[in-house]
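Note: hydrogens, waters and symmetry copies are ignored here, and every other heavy atom, side chains too, is used. Since we're looking at a predicted model, the values are computed, not measured. Naming: A, B, ... by sequence-line order, numbering from 1 per chain.
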Number of protein chains: 2
Amino acid sequence: MKKKEHKECMSALIPVRDTLDVIGGKWKILILISIWEGNKHFREIERSIPKLSTKVLSKELKDMEENQLITRTVLNGFPVRTEYTPTEHSKSLKKVILELYNWGVNHRKKIFATIPS
Amino acid sequence: MKKKEHKECMSALIPVRDTLDVIGGKWKILILISIWEGNKHFREIERSIPKLSTKVLSKELKDMEENQLITRTVLNGFPVRTEYTPTEHSKSLKKVILELYNWGVNHRKKIFATIPS
DNA sequence: GATTTTGATTACCTTTAGGTAACCAGTTAC
DNA sequence: GTAACTGGTTACCTAAAGGTAATCAAAATC
């Protein structure tokens with residue numbers, strides 16, 4: 001028997017990994033949506049997402065700022081307020097999330113159509 | 001100052017989570033692509049993906065079978081062989097992955113265009 | 001003057017994902 | 001008979017993600 005052949009997997013998957021890193025994790029999409037919906041302040045965003053802790057929110061907001069999904073502005077006022085606003089770039093994610101949503105809906109149909117057989 | 005308003009985030013995000021669970025993780029997409037490319041046997045798939053261990057492959061193949069992305073067939077022969085083949089359902093993921101890829105490519109452009117300023 | 005609100009940071013713990021290596025039975029080639 | 005192939009399983013360990021709770025300063029409210 002001759003040696004089995006196998007094809008090597010290409011690593012042009014880096015951009016796919018990048019995208020999954022940006023929107024992956026338990027909270028990132030929820031936080032993004034909260035900001036898209038108009039929540040601007042730290043506590044406002046925190047309270048809009050049940051069970052989200054300040055620590056995680058703080059870390060995710062930094063990540064999202066680095067990834068240019070949001071802009072952080074410190075307003076000089078008496079109780080110093082910070083504003084988070086979505087960038088134009090962030091909005092290009094809406095299409096991606098919609099795609100994930102559509103596939104997920106269809107997948108549920110497939111799975112539930114087969115299990116109760 | 002009146003009580004700040006904040007909007008609650010909807011949880012129609014379950015299908016998005018589902019999709020991320022199905023394609024998330026370090027290896028799932030690589031394994032899928034390997035099978036799409038024609039690799040059918042356990043060791044063949046394993047060798048096509050550098051650094052992938054048998055334990056992780058074994059677990060991921062089970063997950064993928066449950067999610068109806070692949071079909072597992074045991075061929076009764078002398079050295080018992082097992083074949084993994086992609087389902088039609090799995091192919092609907094190609095569009096999703098392409099979408100992730102496109103966004104990732106564009107995201108890299110954005111990020112690298114800003115950092116060396 | 002004590003508490004509450006603002007936007008956080010820090011230390012510590014738990015949970016999950018993933019990695020390492022040994023081992024199994026059956027078969028075939030050396 | 002011994003080595004290597006087939007398709008896996010098991011026990012153990014590490015690393016990363018996430019959760020809990022305390023703390024911070026400055027200002028406003030009670």
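Atoms NZ (B:Lys51) and C1' (C:dT20) sit 13 Å apart, rounded to a whole Å. Rounded to a whole Å, the CG atom of A:Leu75 is 16 Å from the C1' atom of D:dA27. As a whole-Å value, the separation of A:Lys26 NZ from C:dT16 P is 9 Å. In this entry the distance linking CD of B:Glu46 with P of C:dT20 reads 12 Å, nearest Å. Here the P atom of nucleotide D:dA17 and the CG atom of A:Leu57 are 17 Å apart, to the nearest Å. Here C:dG7 presents its C1' atom at 17 Å from CD of A:Glu60, a figure rounded to the nearest Å. For the pair B:Asp21 CG and C:dT16 C1', the interatomic distance rounds to 13 Å; values are reported in whole Å. Between the CG atom of A:Leu20 and the C1' atom of D:dA16 there is a distance of 17 Å, rounded to whole Å.
Dashed line: the shortest gap from a side-chain N or O of B:His41 to OP1 or OP2 of D:dT6 is not under 4.0 Å. Side-chain N/O atoms of A:Trp27 include one lying less than 4.0 angstrom from OP1 or OP2 on D:dG19. Here B:Arg47 reaches the OP1 or OP2 of D:dT6: one of its side-chain N or O atoms lies under 4.0 Å away.
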Name the atoms and distances for all side-chain donor-acceptor pairs under 3.5 Å in residues 51-64 of chain A, with sequence neighbours left out.
from	atom 1	to	atom 2	distance (Å)
A:Ser53	OG	A:Val56	N	3.4

Without placing hydrogens or testing angles, list every side-chain donor-acceptor pair under 3.5 Å for residues 14-25 of chain B, not counting sequence neighbours.
from	atom 1	to	atom 2	distance (Å)
B:Arg17	NH2	A:Gly25	O	3.0
B:Asp18	OD2	A:Arg108	NE	2.5
B:Asp18	OD2	A:Arg108	NH2	3.2
B:Thr19	OG1	A:Leu100	O	2.7
B:Thr19	OG1	A:Gly104	N	3.1
B:Thr19	OG1	B:Pro15	O	3.0

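Under the side chain to side chain donor-acceptor pair (under 3.5 Å) criterion, B:Ser92 pairs with A:Trp103, not counting sequence neighbours. Checked against salt bridge (charged side-chain N to carboxylate O under 4.0 Å, His left out), A:Lys95 has the following partners two or more places apart in sequence or in another chain: B:Glu99.
Relative to the six-membered ring of B:Trp36, B:Lys91 misses at least one condition, a distance below 6.0 Å or an angle of at most 45° to the axis.
Looking at heavy atoms from C-beta onward, B:Asn102 lies out of side-chain contact with A:Val96 at the 4.5 angstrom threshold. Using a 4.5 Å heavy-atom threshold, the side chains of A:Glu65 and A:Thr71 count as separate.
At least one donor-acceptor pair under 3.5 Å links the side chain of B:Glu44 to the backbone N or O of B:His41.
Checking D:dT6, D:dT20, D:dG19 against every side-chain atom of B:Arg81, the shortest atom distance belongs to D:dT6.
Nearest heavy-atom pair across B:His89 and B:Asn67 is CD2-O, 3.8 Å.
Each end of the helix from C:dG1-D:dC30 to C:dC24-D:dG7 gets its own axis from five base pairs, and the two axes differ in direction by 30°, given to 10 degrees.
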#### Entry: nucleotides 8-14 of chain C: protein proximity per nucleotide (B base, S sugar-phosphate only, - neither; heavy atom, under 4.0 Å)
BBBB---

